[in-house]
Amino acid sequence: MQFKIVADYFEKIEKANSRLLMTDLLAELFKKTGSDDIQQIVFLCQGQLAPPYEGLDIGMGEKFVEEAIAKISGYPKKEIEQKFKVKGDLGLVAEEVLKKKKQSALFSGELSVAKVFNNLLKIARAEGKGSQDLKIRLLAELLNSAKPVEAKYIIRVPLGHLRLGIGDPTIMDAFAINLLKEADAKLKKEIEDKLKEKKVDKRKEEFERKLRMRIRELIEEKYNVHSDLGSIAEKLKRNGLNGLKEIHITPGVPIRPTLAERLPSAGEIVKKLGKCAVEAKYDGFRVQVHKYGEKVTIFSRRQENMTPMFPEIAEAVKKQVKAKDAIFEGEALAVNEQTGEYLPFQVTIQRKRKYDIKEMAKDFPLRLFVFDVMFDDGKNLMGLPFKERRKKLEKLIKKGNDIELTKSIVTDSPKTVDKFFEENVGKGLEGIIAKDLSAPYIAGARKFSWIKLKRSYKGELQDSVDVAIIGYFKGKGARTQFGLGALLTAVYDEKEDMLRSIAKVGTGMSEQQLQDLEKILSKTSVKKKPARVDSELEADVWVSPKYVIEVRADEITKSPVHRAGKKEEGEGLALRFPRMISIRQDKKPEEATSVKEIIKMFKQQTHVKIGEEK
Ligand code: AMP
């Protein structure tokens, strides 16, 4: 397939002003793509060359990309730099200089998707002495044959951001559109039966919509246990919906994590779950450990490969895990070896680094508190009730210093839950997580199989909120020098895959953080509000959503300017006095707090207040 077709679609998608249109365009592109190219095109849509968990970093510094552009265009490097300063996007610079070149020279050939992909892959894999020169040459080779629009997107891949705003949910929706005709009689009947019960008008449209949603659900179920949309796309292309049967839970390929709901009190938790397991909530890194034979891979909750950062955990897994192959989860936490004291998150987070790992591991060794198991010697355990999985987990882990099971009790008494909560908070832990004894492992979703209860902070919302940055405002007064004064942030609407505005955050960040934020955000700036963003406020600079920050706020209030919850509540919801606590590098915008959760927190907050007034 010619890369020009892909680039033209990317351009249309970039200009699309609704998610619906974006999805339709993507579906059209996938339809035109053959089974040999589909995997590569899906990866390119995600701005990568392999599933994210492989951590293949294409990273090429701006300077080297500028050099490649200078090389093929004949412009001096200084001039390319100058143009970059004006446009803020080297993709646009490459497009512009190639348009000019077009008038003087002919292109040397047509680019195929495979050629583009393979050169980019070679760039990503180039290592060691002379690798920078090689990267520049490989990129220049592509640019030499590229048409201006192709150059725009080729350039953006090694820079790490396509600026298209295509999220994984949009990709899955596009697959579903193309599979509508594939639905077999059984699936169609399932939808028919549902519709019969409801007696809806517009039956045909409703039927198609429901069928599409159901197909999307079937795809997502597989994606949840096998985070590789490229390989899923290929199987769907080759075998239609039947291709899904070929996708299994596999050690080495991360499973999307279960997420916790929240309730405001022990009483409500017991009312919801009845007799349940209650565990201490450790405030560290969530890790998913994959052991296959002697190999161990440790994934973060974002599915990044963190194995090199946690050597002592990988070693401990080899010693303490009895099964040959296993997938299990836990929280890794820095513990003071002398006192047994749990150290705060700020200390643990320092372990997420690329350098001085050995020294850090000595100063702040991690202990892994395991809480679930999904795979044990060839058996998929995800469907077993939690009670059974916990028993398997107890058998899986040998006694030792580095890995232990989370502290856990089973009870149906709110009083006991409260006591356990107080005990753990007293030891410096975050609170508790209650678990439904009969629930399977629900990958990638927030259902009431886990419910968290965290210690509350006076005058603050009980829990912090994770919000995605969708734009920013240039600094005023003393902040003019930083180029950034406040962030425009949003929460995630899971149903419609949209980011809806919730707060302007201007406090809580240091001067250094303001500068750093401006630096990373300006790299993802886009000309207009992205199609997936819902905001009435106009940011000075819009960004393609990529970063998430954790904020605390005093409360959630109704708001005439913000859009979170507007559909459901009639009026938008906003955070009052939001302040940034940290940049959540472990989360993507789709993992920000959801609109649904915000509405729930809003209701719980009034609920607690009414309780207090009595
Ligand atoms: P939160 O990030 O506040 O939504 O809380 C859920 C997170 O708590 C999980 O993703 C884990 O990282 C962490 N956690 C700590 N202790 C436990 C535990 N015992 N069971 C499950 N998750 C835990």
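Throughout, residue positions are numbered sequentially from 1 according to the sequence presented. Order of listing sets the numbers, starting from 1, for every ligand and every atom in it.
Ring planes of Phe369 and Tyr342: perpendicular class, angle over 60° (limits at 30 and 60°).
Sorted by first then second residue, the salt bridge (Lys or Arg N to Asp or Glu O under 4.0 Å) pairs that include residues 287-314, not counting sequence neighbours, are Glu304-Lys352, Glu312-Arg351. Listed by first and then second residue, the salt bridge (Lys or Arg N to Asp or Glu O under 4.0 Å) pairs that reach into residues 367-382 are Arg367-Glu404, Asp372-Arg389, sequence neighbours excluded.
Checking each of Val551, Leu499, Leu488 against Val467 for a side-chain contact (heavy atoms from CB on, under 4.5 Å) leaves exactly one that passes, namely Val551.
Scored by the salt bridge (charged side-chain N to carboxylate O under 4.0 Å, His left out) test, Glu279 finds Arg390, Lys435 as partners (sequence neighbours excluded).
Protein residues with a heavy atom closer than 4.0 Å to ligand 1 are Glu279, Ala280, Lys281, Tyr282, Arg286, Arg301, Glu331, Phe371, Thr406, Ile433, Lys435, Trp450, Lys452, Lys454, listed by chain and number.
For the pair Lys504 and Phe473, the cation-pi test (distance below 6.0 Å, angle within 45°) is passed.
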